[in-house]
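Values below: all heavy atoms of this structure, side chains included; hydrogens, waters and symmetry mates excluded. In this chain, residues are counted from 1 in sequence order.
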Amino acid sequence: MLDVGAGPGTWSHAFLRAVPGATAVLFDLPHAIALARRQAEELGLVDRMEFVVGNFYVDELPRHVDFAWVSAITHQNSREQNRQLFEKVFRALEPGGQIAIRDIVLEPDRTAPLEGALFAVNMLVGTPAGGTYTLEEFREDLLAAGFSEPHLRIRSDNMNSVILAHRR
């Protein structure tokens, strides 16, 4: 798996514990990768992880992975930035691979879930271009990046909705 913007590696740790034969590539800025490495050492998972320093806004992502986890990133981006990120993930994935996006997913009228609608205001004030997006907007952006079958796999009223799409 590829954990884009991995932070301390919390999600990678959970995936590796759930799938004993799996490995993970954690991709993030230098300070986050240093923290992720320390956490992995403490948990005894460091031998199943590769740590790659980079900035997904400017660098290509590590390639030849079959699953990419993009967690709590899309709300800080404009739709154009998300499309560019999804294109990078597409290039990183092997054919048949999947992208999973964990974030807020708004209803079409953009008023629900309430937490997501309020968070959109926070992103408007706190970021140059961030926001929260509807499933249709995610679909459009994933399809434009080359993915197929984007669908909502987990619905949540907070940032724990998950959208899956496939690279053919």
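Side-chain contact check for R83 versus L142: every heavy-atom pair is 4.5 Å or farther apart. For the pair P150/L143, a side-chain contact is recorded, criterion being any heavy-atom separation below 4.5 Å from C-beta on. By the 4.5 Å heavy-atom criterion applied to side chains, H13 and M49 are counted as neighbours. Between R102 and N160, the closest side-chain pair of non-hydrogen atoms falls below 4.5 Å.
Note on L43 and I33: same hydrophobic cluster, where clusters join Ile, Leu, Val, Met, Phe, Trp and Tyr whose side-chain heavy atoms are under 4.5 Å apart, directly or indirectly. The hydrophobic cluster containing L2 also contains I99, counting ILVMFWY residues as joined when their side-chain heavy atoms lie under 4.5 angstrom apart, directly or transitively. Following chains of ILVMFWY side-chain contacts shorter than 4.5 Å, one cannot reach V89 starting from L29, and the two form parts of different hydrophobic clusters. Under the 4.5 Å side-chain heavy-atom criterion for Ile, Leu, Val, Met, Phe, Trp and Tyr, V19 and W69 are members of distinct hydrophobic clusters. Taken together through direct or relayed side-chain contacts under 4.5 Å among Ile, Leu, Val, Met, Phe, Trp and Tyr, V70 and V65 form part of one hydrophobic cluster.
Smallest separation of non-hydrogen atoms from S161 and S156: OG-N, 2.9 Å. When every heavy atom of G7 is checked against every heavy atom of A36, the shortest pair comes out as O-CB, 3.4 Å. In this structure, L164 and A100 approach most closely via the heavy-atom pair CD2-CB, 3.5 Å. Of all heavy-atom pairs between A68 and L93, the closest is N-CD2, 3.9 Å.
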Problem set entry | From CA spacing to verdict: side-chain contact (heavy atoms from CB on, under 4.5 Å), R153, I163 | CA-CA 5 Å; R153 179 68 174 92; I163 297 169; over 6 Å; no
Problem set entry | Working for side-chain contact (heavy atoms from CB on, under 4.5 Å), residues V4 and L61 | CA-CA 8 Å; V4 180; L61 300 172; 4.1 Å; yes
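With sequence neighbours left out, R63 forms a salt bridge (charged side-chain N to carboxylate O under 4.0 Å, His left out) with E60. In terms of the salt bridge (charged side-chain N to carboxylate O under 4.0 Å, His left out) criterion, residue partners of R110 (sequence neighbours excluded) are, by chain and number, E137. Every residue two or more places apart in sequence or in another chain was checked for a salt bridge (charged side-chain N to carboxylate O under 4.0 Å, His left out) with D103, and none qualifies. A search for salt bridge (charged side-chain N to carboxylate O under 4.0 Å, His left out) contacts involving R139 returns E136, not counting sequence neighbours.
For residues 155-167, the salt bridge (Lys or Arg N to Asp or Glu O under 4.0 Å) pairs, not counting sequence neighbours, are E107-R155. Identified under the side-chain hydrogen bond (donor to acceptor under 3.5 Å, both in side chains) test for residues 111-132, with sequence neighbours left out: D109-T111. Judged as a salt bridge (Lys or Arg N to Asp or Glu O under 4.0 Å), not a single pair has a partner in residues 23-49 (not counting sequence neighbours). Within the structure, ring-ring contact (aromatic ring centres under 6.0 Å, His included) contacts touching residues 19-67 (residues at least two apart or in different chains) are F15-F67. Counting only residues at least two apart or on different chains, the ring-ring contact (aromatic ring centres under 6.0 Å, His included) pairs with a member in residues 143-168 are F90-F147.
N77 and N82 share a side-chain donor-acceptor pair at under 3.5 Å. A donor-acceptor pair shorter than 3.5 Å can be found between the side chains of D3 and S12.
Apart from L118 itself, the hydrophobic cluster it occupies contains L114, where clustering links Ile, Leu, Val, Met, Phe, Trp and Tyr at side-chain heavy-atom distances under 4.5 Å. Grouping Ile, Leu, Val, Met, Phe, Trp and Tyr residues whose side-chain heavy atoms lie under 4.5 Å apart, directly or via other members, places I104 in a hydrophobic cluster with L106, F119, M123, M159. Annotation for L35: hydrophobic cluster partners, listed by chain and number, are none (ILVMFWY side-chain heavy atoms under 4.5 Å, direct or chained).
Expressed to the nearest 0.5 Å, how far NE2 of H75 lies from CD1 of I101 amounts to 13.0 Å. Here the straight-line distance linking atom OG1 of T23 with atom CG of L45 works out to 12.0 Å at 0.5 Å rounding. For the atom pair OG1 (T134) and CG (L152), the distance works out to 11.0 Å, reported to the nearest 0.5 Å.
Aromatic ring pairs are classed by plane angle as parallel below 30°, tilted from 30° to 60° and perpendicular above 60°; the pair F138 and Y133 is perpendicular.
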